[in-house]
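By convention in this document, chain letters (A, B, ...) are assigned in the order of the sequence lines, proteins followed by strands, and residues within each chain are numbered from 1. Please read all numbers here as calculations on a predicted model, not as lab measurements.
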Protein chains: 2
Amino acid sequence: MSNTTGPKSVTLHDVAREAGVSLITASRALSNPGMVSEKAIARVRQAVEATGYIPNLLAGGLKSKRSLMVAALVPNIAVAQFLPTVKALTDALDAAGYQVILGQTGYDHAREDALLGTMISRRPDGIVVTGLVHSQVSRERLRRAGIPVVETWDLSDRPVDMVVGFSHLKVGSAVAGYFLGKGWRRLGIATGDDHRASVRREGFVSTVGHDVPTVVVPAPSSLALGRRALADLLEKDPRIEAVYCSSDQLAQGVMVEALARGLRIPGDLAICGFGDADFAAHLNPSLTTVHVDGAAIGAMAARLLLERCRGESVPEPVVDVGFRIVERGST
Amino acid sequence: MSNTTGPKSVTLHDVAREAGVSLITASRALSNPGMVSEKAIARVRQAVEATGYIPNLLAGGLKSKRSLMVAALVPNIAVAQFLPTVKALTDALDAAGYQVILGQTGYDHAREDALLGTMISRRPDGIVVTGLVHSQVSRERLRRAGIPVVETWDLSDRPVDMVVGFSHLKVGSAVAGYFLGKGWRRLGIATGDDHRASVRREGFVSTVGHDVPTVVVPAPSSLALGRRALADLLEKDPRIEAVYCSSDQLAQGVMVEALARGLRIPGDLAICGFGDADFAAHLNPSLTTVHVDGAAIGAMAARLLLERCRGESVPEPVVDVGFRIVERGST
DNA sequence: CTGTTAGCGCCTTCAT
DNA sequence: ATGAAGGCGCTAACAG
């Protein structure tokens with residue numbers, strides 16, 4: 001667009017004239033060659049070359065009801081956590097001729113609602129959201145729009161449509177169980193304030209069985225916030241033995257702060273992160289963390305969406321990809 | 001779409017009827033309220049609520065020639081390097097009502113060509129590409145499409161349209177000059193095989209004035225490739241004093257390998273990376289690297305694009321954001 | 001301020 | 001295998 005001055009763009013009409021066939025034959029030659037004679041196809045192809053025609057997918061989509069776009073909503077594209085998911089999703093969809101429109105919610109529910117509205121107005125063939133759709137209004141709008149939706153990075157008994165993820169409650173439980181199994185009793189939590197991190201914290205606390213000193217930091221979490229978090233935690237309990245962090249970024253900050261205070265890891269302080277970021281294995285000591293297969297989530301989301309787009313029914317709309325604790329030097 | 005069974009979706013027509021106004025008044029009430037009476041606006045708003053109307057941007061775009069989409073092509077979304085650019089671009093465009101369609105070229109020129117064709121067929125109001133558009137065919141197609149284009153992360157005297165970036169040749173030169181200034185003469189290079197990395201290498205070598213032992217690794221570069229690269233470099237010259245790496249990921253790998261071999265950094269081996277990744281300052285020793293303001297590139301690209309979309313002329317279509325060497329512990 | 005008319009570029013439906 | 005007509009949902013352009 002924005003064709004301010006240029007000659008009006010070439011349309012299929014021009015191609016058809018150039019090729020000496022009707023508009024619809026030209027259309028079919030390009031998108032449904034099986035229905036057209038070899039000869040016509042060749043002439044249309046040539047006309048495309050000659051005119052420099054580039055189809056207008058907007059126009060096609062208007063009539064055919066297929067935009068070949070999928071909307072992907074993430075909290076923040078700069079948070080490395082969701083990158084493998086976005087990449088796997090994009091790759092798989094691209095291979096099927098779909099493009100991804102990106103939206104960032106900024107961990108903000110109001111913004112998520114607004115963005116979902118904007119996305120729906122683009123009539124994507126599918127929508128992938130990170131986490132569960134929070135607001136009831138949006139859930140209802142999505143259902144009524146009739147667009148396939150995949151919620152990711154979480155689980156739910158009653159998703160808007162489909163869901164691919166894992167249980168954050170179980171993650172929290174598992175880490176707490178792991179700490180307790182190691183004999184650590186004086187525990188601490190450094191956690192982000194987003195919904196999923198909160199649920200992990202809940203699982204952690206409920207398995208521990210009593211309240212745990214906690215520092216909550218605003219999303220997106222970072223190394224710097226982690227350093228501060230440990231300082232604050234040590235004020236609450238100077239003899240903490242093990243800290244669970246809701247992200248590896250936070251965990252790295254906790255680690256840096258601990259080392260700066262001369263604490264030995266894991267001797268004086270054990271640390272467990274979440275996400276298994278690429279740097280986790282290379283910290284010194286290496287970081288114990290919870291590994292989630294983000295790429296698998298993206299690939300599965302793409303698969304479900306594509307099946308649905310092909311009109312196939314998706315028998316199992318709730319997919320649990322699980323998680324595992326990766327034990328390393330920090331514990 | 002994919003509205004398989006549902007009731008046919010609500011259109012502006014339905015809203016107009018419900019509100020008791022004409023179609024175009026409903027349209028204006030929503031997108032151009034200044035032209036419509038308060039009363040009509042109120043009634044249309046109410047009708048929107050009542051019907052659950054969600055506009056169809058595809059249809060609007062077809063007529064108005066504005067898709068409110070911007071295509072962004074990156075080599076690989078999972079490479080952290082370009083994330084700040086994508087984020088800043090997305091944020092700025094979002095604030096103006098534009099969404100970003102994402103495409104990954106995979107450092108592959110053929111794929112880039114194909115993707116550009118796909119993107120053009122979506123009639124975005126702008127296209128942002130990482131690096132310069134390589135193929136002459138694509139350059140020509142972009143020009144003829146009349147879509148504003150911003151090339152980024154590089155500079156050129158004759159961009160397709162606009163360009164925001166910096167000189168990779170100067171980066172290579174600057175790092176070489178920095179090394180020479182430190183008195184290091186036995187140098188090495190570990191570099192990716194993409195175009196921009198190659199140009200930096202070229203600048204480096206030309207400032208050194210003679211050939212330099214080099215290991216080239218395939219994109220995307222990684223820590224593991226960096227370890228291997230140093231091993232290979234030390235085979236070429238066991239007494240190398242300083243290594244320039246085309247990414248901080250590579251540099252981290254070189255550092256890990258050097259430490260594993262008992263080399264002291266920077267005493268036995270100095271290392272300089274590129275990109276100033278978030279972890280660079282937190283390695284031990286911290287990593288000297290070349291800082292580029294990726295967010296500024298994205299923000300400027302958005303600004304140029306939006307100005308062009310508003311029909312304003314862009315007086316300076318070549319913007320150099322520069323770079324700087326950040327000196328840290330590894331040198 | 002409001003409405004009517006005419007498409008945007010393409011694809012679906014029905015005929016040939 | 002090909003074509004003609006109609007319309008997808010919306011908005012410029014012109015009238016009232």
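Nucleotide dC8(C) holds its C1' atom 13 Å from the CG atom of Asn56(B), rounded to whole Å. A straight line from CG of Leu57(A) to P of dC8(C) spans 18 Å, rounded to a whole angstrom. Rounded to a whole Å, the CZ atom of Arg66(A) is 10 Å from the P atom of dC11(C). One atom, NZ of Lys65(A), and another, P of dT13(C), lie 12 Å apart when rounded to the nearest Å.
Residues Arg111(A) and Thr105(A) share a closest heavy-atom pair of CG-O, 3.4 Å.
Taking the salt bridge (Lys or Arg N to Asp or Glu O under 4.0 Å) definition, one finds that Asp293(B) meets it with nothing, sequence neighbours left out. Applying the side chain to side chain donor-acceptor pair (under 3.5 Å) rule to Gln99(A) yields the partners Arg122(B); only residues at least two apart in sequence or on another chain are considered. With sequence neighbours excluded, the residues satisfying ring pair (Phe, Tyr, Trp, His ring centres under 6.0 Å) with Phe82(A) are Trp153(A). Here Arg310(A) pairs with Glu312(A) under the side chain to side chain donor-acceptor pair (under 3.5 Å) rule; sequence neighbours left out. Annotation: side chain to side chain donor-acceptor pair (under 3.5 Å) contacts of Asn76(A) (sequence neighbours excluded): none. Checked against side chain to side chain donor-acceptor pair (under 3.5 Å), Arg17(B) has the following partners two or more places apart in sequence or in another chain: Asp14(B). Scanning for ring pair (Phe, Tyr, Trp, His ring centres under 6.0 Å) contacts around His134(A) gives His109(A), His195(A), with sequence neighbours left out.
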Between the protein and nucleotides 1-5 of chain C, list the N/O to N/O atom pairs that are separated by less than 3.5 angstrom.
| unit_1 | atom_1 | unit_2 | atom_2 | d |
| --- | --- | --- | --- | --- |
| dT2(C) | OP1 | Ser37(B) | OG | 2.9 |
| dT2(C) | OP2 | Ser37(B) | N | 2.8 |
| dT2(C) | OP2 | Ser37(B) | OG | 3.3 |
| dG3(C) | OP2 | Ser22(B) | N | 3.1 |
| dG3(C) | OP2 | Ser22(B) | OG | 3.1 |
| dG3(C) | OP2 | Thr25(B) | OG1 | 2.6 |
| dG3(C) | N7 | Arg28(B) | NH2 | 2.8 |
| dG3(C) | O6 | Arg28(B) | NH1 | 3.4 |
| dG3(C) | O6 | Arg28(B) | NH2 | 3.1 |

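Within the 4.0 Å cut-off from OP1 or OP2 of dC8(C), not a single side-chain nitrogen or oxygen of Lys63(A) is found.
Across its full length, the helix from dC1(C)-dG16(D) to dT16(C)-dA1(D) shows an angle of 30° between the axes of its 5 terminal pairs at either end, rounded to 10 degrees.
Paired with Leu93(A) under the rule side chain to side chain contact (heavy atoms under 4.5 Å, CB included), one option of Leu89(A), Asp91(A), Thr90(A) passes, and it is Leu89(A).
Residue pairs meeting the ring-ring contact (aromatic ring centres under 6.0 Å, His included) criterion with at least one partner in residues 38-64 of chain A, sequence neighbours excluded, are absent. Applying the side-chain hydrogen bond (donor to acceptor under 3.5 Å, both in side chains) rule to pairs touching residues 19-47 of chain B yields Ser22(B)-Thr25(B), sequence neighbours excluded.
You can see that DNA chain D meets the heavy atoms of chain A within a 4.0 Å-exclusive cut from dA1(D) to dG9(D), reading 5' to 3'.
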